[in-house]
2 protein chains.
Amino acid sequence: MATKSVSKAGSAAEPIAVSGEKRAATAADSAIDKVTDAIIQGIRSGVFVPGQHLLEPDLTRRLGISRGSLREALKHLAAAGIVTLNRYRGAYIGILGRKSVLDLLDTLEPLARLAARLAAGNCVSPADQKRMQTAANMIEAAGRGGNRAQYMEDRRHFYDTMIDLGGNRELERVIPLSRTDLFRAQVERVQSETQRQRHVSGYGKIAKAIIGQDADAADRAVKRHFDGTRKTMEELPEDAFPQEDF
Amino acid sequence: MATKSVSKAGSAAEPIAVSGEKRAATAADSAIDKVTDAIIQGIRSGVFVPGQHLLEPDLTRRLGISRGSLREALKHLAAAGIVTLNRYRGAYIGILGRKSVLDLLDTLEPLARLAARLAAGNCVSPADQKRMQTAANMIEAAGRGGNRAQYMEDRRHFYDTMIDLGGNRELERVIPLSRTDLFRAQVERVQSETQRQRHVSGYGKIAKAIIGQDADAADRAVKRHFDGTRKTMEELPEDAFPQEDF
DNA sequence: CCGTCAACATTGTTTGACGATTTCGTGTGA
DNA sequence: TCACACGAAATCGTCAAACAATGTTGACGG
């Protein structure tokens, strides 16, 4: 394992992962993939703002699909925590208050640490080491460049690489990466440059530990990374977190 | 928090959790809840066997709903990992090989330990302590009784209680409890009585540590519980794990 | 026995419709 | 002026029927 991330034949677990990391919503995708890609990309690029109301008639027109397919896709996105569904009131882009963000970090941290430990234990071949290094380089370049959508996609790619190296297929199903896109979309525009750099540099340290096949060091690097993120959260002003009223 | 598990007004996060633990698919539920309840209950009771093919025309007739609603529900269940969808080939009840089970345990363990630590830190009021004790008693009674469906439901209730006490709302979204129902459904019929008793007694020890508000002890109790489960898995014969071909 | 191809079965998607519920503007009365 | 009831519009939940795309099965010929 840990050579290619594609599964056997577009098989079972694939459509579960909400994303679609590599393919950019090409033509031959199913209708629901078109929706999920469009919405995730919309969140990353800022077209969709957390809390925004998604109207079915509007989306069906813009995406050129039927209402039934759209509703299936929204169910899918809701299960991933990207949108919330209110009966008779429609779908909203998810929104995270300060407590939700901290809860999310607490939940994500042990999973990320597990992923890092597993990746460190399996990162033996030079090819795998190169993959990990490349992922770290990409995220650092995008982090300096300032392209928000690109940065979020590279961040996700970094996690995907780490998870894939680890070889635990349940992990990729469980880790709430799509939900962190949401929280990044809220935070990215209000954090300072120092905070951003602190965050970016964390990935490089994690990659270094994984490439060195030092599971304990990787674990510690992830822990420090999350500690830093929590610190950033505490430093942010209150108005960075819209109240999650709905 | 940690007093009642119901959310404000049947609000956003509720339909995400695939379950429906307490209400038994009453009338006024939405169509998709009817499907999810029926399928989960079917898995617990043995009506649906892991790997079974779910035919849309059959299910629409048996549940008395339209195909559109059924497909939305199947998307929902697929996102939770309970069924797998193969394009143009339909939906199948999920199936877990030995590696998938071990991966699932590795993923679930750190989340369960986090939940236990949080619960221990918040289990202060006598009401909360009673809730936890009751959940442990229920699971032990069902474990001795031998009613498989009841045991699986009580096991889930135990986790739900623990998560609710902890107060981390992301945790309940992420923890793959429904998927463990699947794995329990496969394992329950082939494990020995000693193995079963070992598993049942673990919950009582976890509850005791939580009620004693000893986070470290709760963490250790969960760890031991998972170590025991892994040991059981290794002891099981190979034919307990159908090959996950599809 | 094996490969080819056609008929069948099942899923993917669209369209249209109807009832249920929420939302919002409007008018009325105090 | 403000609070509240009422009705219209908007939106969602569900269903039904149809066609297209794909997988499956079995007959046929070699």
Side-chain angles (χ1 to χ4, degrees), chain A residues 7-12 14-16 18 20 23 25-39 48 51-79 83-94 245-246, chain B residues 8-12 14-16 18 20 25-39 48 51-79 83-94 245-246:
Chain A
S7 32
K8 289 163 229 167
S11 80
E14 195 66 36
I16 309 275
V18 170
R23 64 210 153 64
T26 61
D29 269 336
S30 78
I32 105 146
D33 289 338
K34 210 192 298 189
V35 181
T36 56
D37 287 339
I39 290 189
F48 291 136
Q52 178 172 343
H53 192 179
L54 299 177
L55 304 190
E56 291 183 358
D58 178 35
L59 284 181
T60 54
R61 273 194 306 271
R62 284 209 277 181
L63 298 174
I65 62 173
S66 74
R67 205 161 74 103
S69 301
L70 173 67
R71 285 174 56 81
E72 286 186 27
L74 289 179
K75 274 289 186 309
H76 195 166
L77 288 165
V83 308
T84 60
L85 298 178
N86 299 23
R87 195 175 165 93
Y88 296 117
R89 290 178 54 184
Y92 294 79
I93 302 284
D245 36 19
F246 46 92
Chain B
K8 289 163 232 167
S11 82
E14 195 66 35
I16 309 276
V18 169
T26 61
D29 269 335
S30 81
I32 104 147
D33 288 339
K34 210 191 299 187
V35 181
T36 56
D37 286 340
I39 290 189
F48 290 136
Q52 178 173 344
H53 192 179
L54 301 176
L55 292 268
E56 290 183 0
D58 179 34
L59 284 181
T60 54
R61 272 195 305 272
R62 282 209 278 180
L63 298 173
I65 62 173
S66 76
R67 230 184 87 187
S69 301
L70 173 67
R71 287 174 57 81
E72 286 186 29
L74 288 178
K75 277 285 187 311
H76 195 166
L77 287 165
V83 308
T84 60
L85 297 177
N86 298 23
R87 195 174 162 93
Y88 295 114
R89 290 178 53 183
Y92 295 79
I93 301 286
D245 37 17
F246 45 94

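Quick note on labels: first sequence line is chain A, next is B, and so on, each numbered from 1. Note: hydrogens, waters and symmetry copies are ignored here, and every other heavy atom, side chains too, is used.
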Give the first and the last nucleotide of DNA chain D, reading 5' to 3', that has any atom under 4.0 Å from a heavy atom of chain B. D:dT14 to D:dT24
Residues passing the side-chain hydrogen bond (donor to acceptor under 3.5 Å, both in side chains) test with B:Glu56, sequence neighbours excluded, are B:Arg67, B:Arg71
For B:Leu74 and A:Glu72: C-alpha separation, side-chain torsions, deciding distance, then whether side chain to side chain contact (heavy atoms under 4.5 Å, CB included) applies. CA-CA 9 Å; B:Leu74 288 178; A:Glu72 286 186 27; over 6 Å; no
Under a 4.5 Å cut-off applied to non-hydrogen side-chain atoms, are B:Val35 and B:Leu59 in contact? no
Which heavy atom in [X] sits nearest to a heavy atom in [Y], and how many Å separate them?
X       : Y       : result
A:Leu63 : A:Ala38 : CD2-CB, 3.7 Å
B:Ile93 : B:Phe48 : CD1-CB, 3.9 Å
B:Leu54 : B:Ile39 : CD1-CD1, 4.1 Å

Any donor-acceptor N/O pair, B:His53 side chain to B:Arg89 backbone, under 3.5 Å: yes
With the sugar-phosphate defined as primed atoms, P, OP1 and OP2, and the base as all remaining atoms, what B/S/- string results for nucleotides 5-15 of chain C, 5' to 3', for protein heavy atoms under 4.0 Å? -----SBBBBB
